[in-house]
2 protein chains.
Amino acid sequence: MWAELLPVGRSSASGGYRRYAWTGADADCRAWFRQQAEARGLAYEVDRNGNQWAWLGDPAAGNAVVTGSHLDSVPDGGAFDGPLGVVSAFAALDELRGRGARLTRPLGIVNFGDEEGARFGLACVGSRLTAGALTVEQAHRLTDGDGVTLPQAMEAAGYDPEGIGPDPERLARIGAFVELHVEQGRALDLSGDRVGIASAIWPHGRWRFDFRGEANHAGTTRLADRRDPMPSYAETVLAARREAELAGAVATFGKIAVEPNGVNAIPSLVRGWLDSRAADQASLDTVVTAIEKAAREYAAAHGVDLTVERESFTPVVEFDHALRDELALILSSDTELRVPVLGTGAGHDAGILSGRVPTAMLFVRNPTGVSHSPAEHATEDDCVAGVSALADVLEGLART
Amino acid sequence: MWAELLPVGRSSASGGYRRYAWTGADADCRAWFRQQAEARGLAYEVDRNGNQWAWLGDPAAGNAVVTGSHLDSVPDGGAFDGPLGVVSAFAALDELRGRGARLTRPLGIVNFGDEEGARFGLACVGSRLTAGALTVEQAHRLTDGDGVTLPQAMEAAGYDPEGIGPDPERLARIGAFVELHVEQGRALDLSGDRVGIASAIWPHGRWRFDFRGEANHAGTTRLADRRDPMPSYAETVLAARREAELAGAVATFGKIAVEPNGVNAIPSLVRGWLDSRAADQASLDTVVTAIEKAAREYAAAHGVDLTVERESFTPVVEFDHALRDELALILSSDTELRVPVLGTGAGHDAGILSGRVPTAMLFVRNPTGVSHSPAEHATEDDCVAGVSALADVLEGLART
């Protein structure tokens, strides 16, 4: 099953995956999903937002247990982020059938469309539309780098874009959603555990720092006469690292734009984007406030103007405590498995759904912590442990 | 005269000049030069490399005194860098005629082509070709942003590119070259003087710093697990500022390229270009060595690989000491004018010619030091003082 999916959308140049929403690689992934569903005799359907579903039992009965993730990728992403959750869902179903498990609740497997947002710039479009967290008007305005709108892309891929929108009836049938995902950090590697349970998705924001100085000749302008924004930017990068360390948070300047960006020109503008996340809102506020303060002080001392604009913000997502405790209880029956509870700095479809449906996540160990890269990895043993834990959880939930 | 030149190649958007080699704006500047020459009854000619010359007296007599500069501009450059030297040359000739000065040496006025290198990326192409400091093969390989080669551009502008190359006979006729230029720093403003004499062009180099780390997820990768090249770059920017201050030099990171340059991605590569110049070679070596050392130490401590490559280097240009002293002596007769001797961090056609011909430069005060910008400025009084000083120099030299 895994072997059939591996070559789809893989770049021979980078070894990474380029599975973007509503492209040929995406269609191949979707064909694979349908084939897996039908091969297992599951009822297959596509919802109004293009998410794929496979059902054992009648979802109309309600209180369904659903698992799954996504199959699309970031540019040159790894094989595990997304697909591991879908493959593990089918594998867990196989294991439950092998065990002869008796399930009293409907069991669903889902592939949410366009989780990574690589094409249209917004993550979790499939789950957002379904949960009503993205309006139809907003979705119509999404455009890719070639000027193709989301509705045009859906139509070109053979899907009807007329019907997109909130799907409360579908969500009302779901009693619990559990997403399995490769960990995108090293917490499990450091604690020596194969599988973990998510506590929360850290609050997360992006801020744009515009440092404006004065363009001038790099050879003839005395240091004392310069209004060079680059050292102020540099000071801010180091402040971000320092403040994040102090708070146990993360803060990253990964994108920059410089004007005029000439070797012999003092820049007139250095624009840097800060991505910061922390375990809780107070810590995040502390980090960002301290970074901005350091930036303002340094800029003011060097005649540089600074504006800071928050471009996006997602508050903390606390997963359903009762469901989380239920997962911990179910998994505690395996005495060989210790299952720590851990937070994550990454967004997920589970985070979007958590406002509408009791939602939980399982993480599988990532020995390097590397993610969104061809080097992303999980060992086969850990993946098997993940499938087994997911099967236990589904069986435990579907019997209650 | 100045008023006719002012609107040529001026952008209505920025107020800056866009006079690039062999474009329409360049042709307009050249037509202006020819008209000025002919209106004064000077013998006009274009040399094999497209530089324009205007002669009073027969250059074949040898030991000519030549003055001039260039008319092209950097992107959105100011009105003074270049044109002030050409306009002042014609104005000084007018003043000499008004004085009834008797000149025993031929007097030439020159407009060197493509001094700024804005189109083909190499500065001083006209003077380099003439001096043999740029080979014909190298010149044929110069290409602009649209893929147009230098010979193609010359041909399109109506010039014969077949003849380009060294012109030693022409240089052999020149006994002294004096270029007047707006100062591109604030030394004269700080000393309170209208006009200065150049001592030397500082040695100048460009170095490319490639900081390579590991691309990773900005939300989920712990700080301790990161190999983020951005803080190492930032530390190096601050080291450059610090070391340049210590040495009385200049060091600038004005150009940067980041991969993948995504808001939520730790960069795999931060590439920064260092431009550094100092009064002498030893100071420049000290500054660059110290910057590189700081960069290597910080990068090594953070798991970042660093390669540093010198992309270009121009050694110090000491202007002819005898000619410099002669200028100082001539100008000392004006007891109201104090004329300091100062170095400069910028390259000039005079720097190229100085290896072949006794060469000197006069600088006119720039009250803000701003250059290569629409804000570049010199007061009318100072420009008049510059013309007067240039006339004194030409008269003094052409009588000897």
Side-chain angles (χ1 to χ4, degrees), chain A residues 74-76 183-187 202 204 206 214-223 225-226 228 230-231 233-238 240-241 244-245 250-258 260-267 270 273-275 277 311 344-347 368-373 375, chain B residues 74-76 183-187 202 204 206 214-223 225-226 228 230-231 233-238 240-241 244-245 250-258 260-267 270 273-275 277 311 344-347 368-373 375:
Chain A
V74 294
D76 288 325
E183 197 197 346
Q184 294 172 286
R186 279 185 64 210
W202 289 12
H204 165 213
R206 292 174 179 182
E214 184 177 39
N216 217 326
H217 192 298
T220 57
T221 314
R222 299 188 322 150
L223 296 181
D225 296 330
R226 296 182 175 208
D228 181 354
M230 189 66 88
Y233 167 77
E235 191 65 42
T236 308
V237 168
L238 297 176
R241 175 88 189 196
E245 257 166 17
V250 291
T252 311
F253 278 95
K255 182 176 177 179
I256 186 172
V258 176
N261 209 33
V263 181
N264 67 343
I266 297 165
V270 175
W273 281 264
L274 169 68
D275 180 302
R277 318 184 195 206
E311 289 198 333
T344 174
T368 63
V370 171
S371 181
H372 285 189
S373 151
Chain B
V74 295
D76 288 325
E183 197 197 347
Q184 294 172 286
R186 278 185 64 211
W202 290 11
H204 165 213
R206 293 175 179 181
E214 185 177 41
N216 216 327
H217 192 298
T220 57
T221 314
R222 299 187 323 150
L223 296 181
D225 296 331
R226 296 181 176 209
D228 181 353
M230 189 66 87
Y233 167 77
E235 191 65 44
T236 307
V237 168
L238 297 176
R241 174 91 189 191
E245 256 166 21
V250 292
T252 311
F253 278 95
K255 181 175 177 180
I256 184 171
V258 176
N261 209 31
V263 182
N264 68 341
I266 297 165
V270 176
W273 280 263
L274 169 68
D275 180 301
R277 320 187 194 204
E311 289 198 333
T344 173
T368 62
V370 171
S371 181
H372 285 189
S373 151

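Since the structure is predicted, the reported quantities are computational estimates derived from the model, not experimental observations. By convention in this document, chain letters (A, B, ...) are assigned in the order of the sequence lines, proteins followed by strands, and residues within each chain are numbered from 1.
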Short question: side chain of A:Asp275, backbone of B:Gly219 - any donor-acceptor pair under 3.5 Å? no
If we ignore hydrogens and angles and just use 3.5 Å, is the side chain of B:Asp225 paired with the main-chain N or O of A:Gly369 as donor and acceptor?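 The answer is no, because no donor-acceptor pair under 3.5 Å joins these two groups.
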For A:Asp228, which residues count as a salt bridge (charged side-chain N to carboxylate O under 4.0 Å, His left out) partner, sequence neighbours excluded? none
Heavy-atom pairs under 4.5 Å with chain B are the metric here; pick the option from [options] that has the most.
options	answer
A:Val263, A:Asp76, A:Thr236, A:Val237	A:Val263
A:Gly345, A:Pro260, A:Gly254	A:Gly254
A:Glu183, A:Glu245, A:Arg206	A:Arg206
A:Ser373, A:Ala375, A:Ala346	A:Ala346

Pick from B:Pro267, B:Gly262, B:Gly347, B:Pro75: which one has the most heavy-atom pairs with chain A under 4.5 Å? B:Gly262
Among B:Ser371, B:Ala244, B:Gly185, B:Ala215, residue most engaged with chain A (heavy-atom pairs, under 4.5 Å):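 Top count of heavy-atom pairs under 4.5 Å with chain A: B:Ser371.
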Output the distance between atom [atom1] ([X]) and atom [atom2] ([Y]), rounded to the nearest 0.5 Å.
X	Y	atom1	atom2	value
A:Asn264	B:Trp273	CG	CH2	13.0 Å
A:Tyr233	B:Tyr233	OH	OH	7.5 Å
B:Ile256	A:Ile256	CD1	CD1	4.0 Å

If you compare all heavy atoms of A:Leu238 against all heavy atoms of B:Ala234, which two are closest, and at what distance to 0.1 Å? CG-CB, 3.9 Å
Could you check whether any side-chain heavy atom of B:Thr220 comes within less than 4.5 Å of a side-chain heavy atom of A:Thr344, counting everything from C-beta outward?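 Yes, side chains in contact.
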Heavy-atom check, side chain of B:Val258 versus side chain of A:Lys255, under 4.5 Å: no
Between the side chains of A:Thr252 and B:Arg226, does any donor sit under 3.5 Å from an acceptor? yes
With sequence neighbours left out, what residues match A:Val74 under side chain to side chain contact (heavy atoms under 4.5 Å, CB included)? A:Glu116, A:His372
Which portion of [X] sits near chain B, non-hydrogen atoms under 4.5 angstrom:
X	answer
A:Ala265	backbone
A:Arg241	both
A:Ala187	neither
A:Glu214	side chain
A:Val370	both

For the pair B:Val250 and A:Thr221, evaluate side-chain contact (heavy atoms from CB on, under 4.5 Å) and give the outcome as yes or no after the intermediate values. CA-CA 8 Å; B:Val250 292; A:Thr221 314; over 6 Å; no
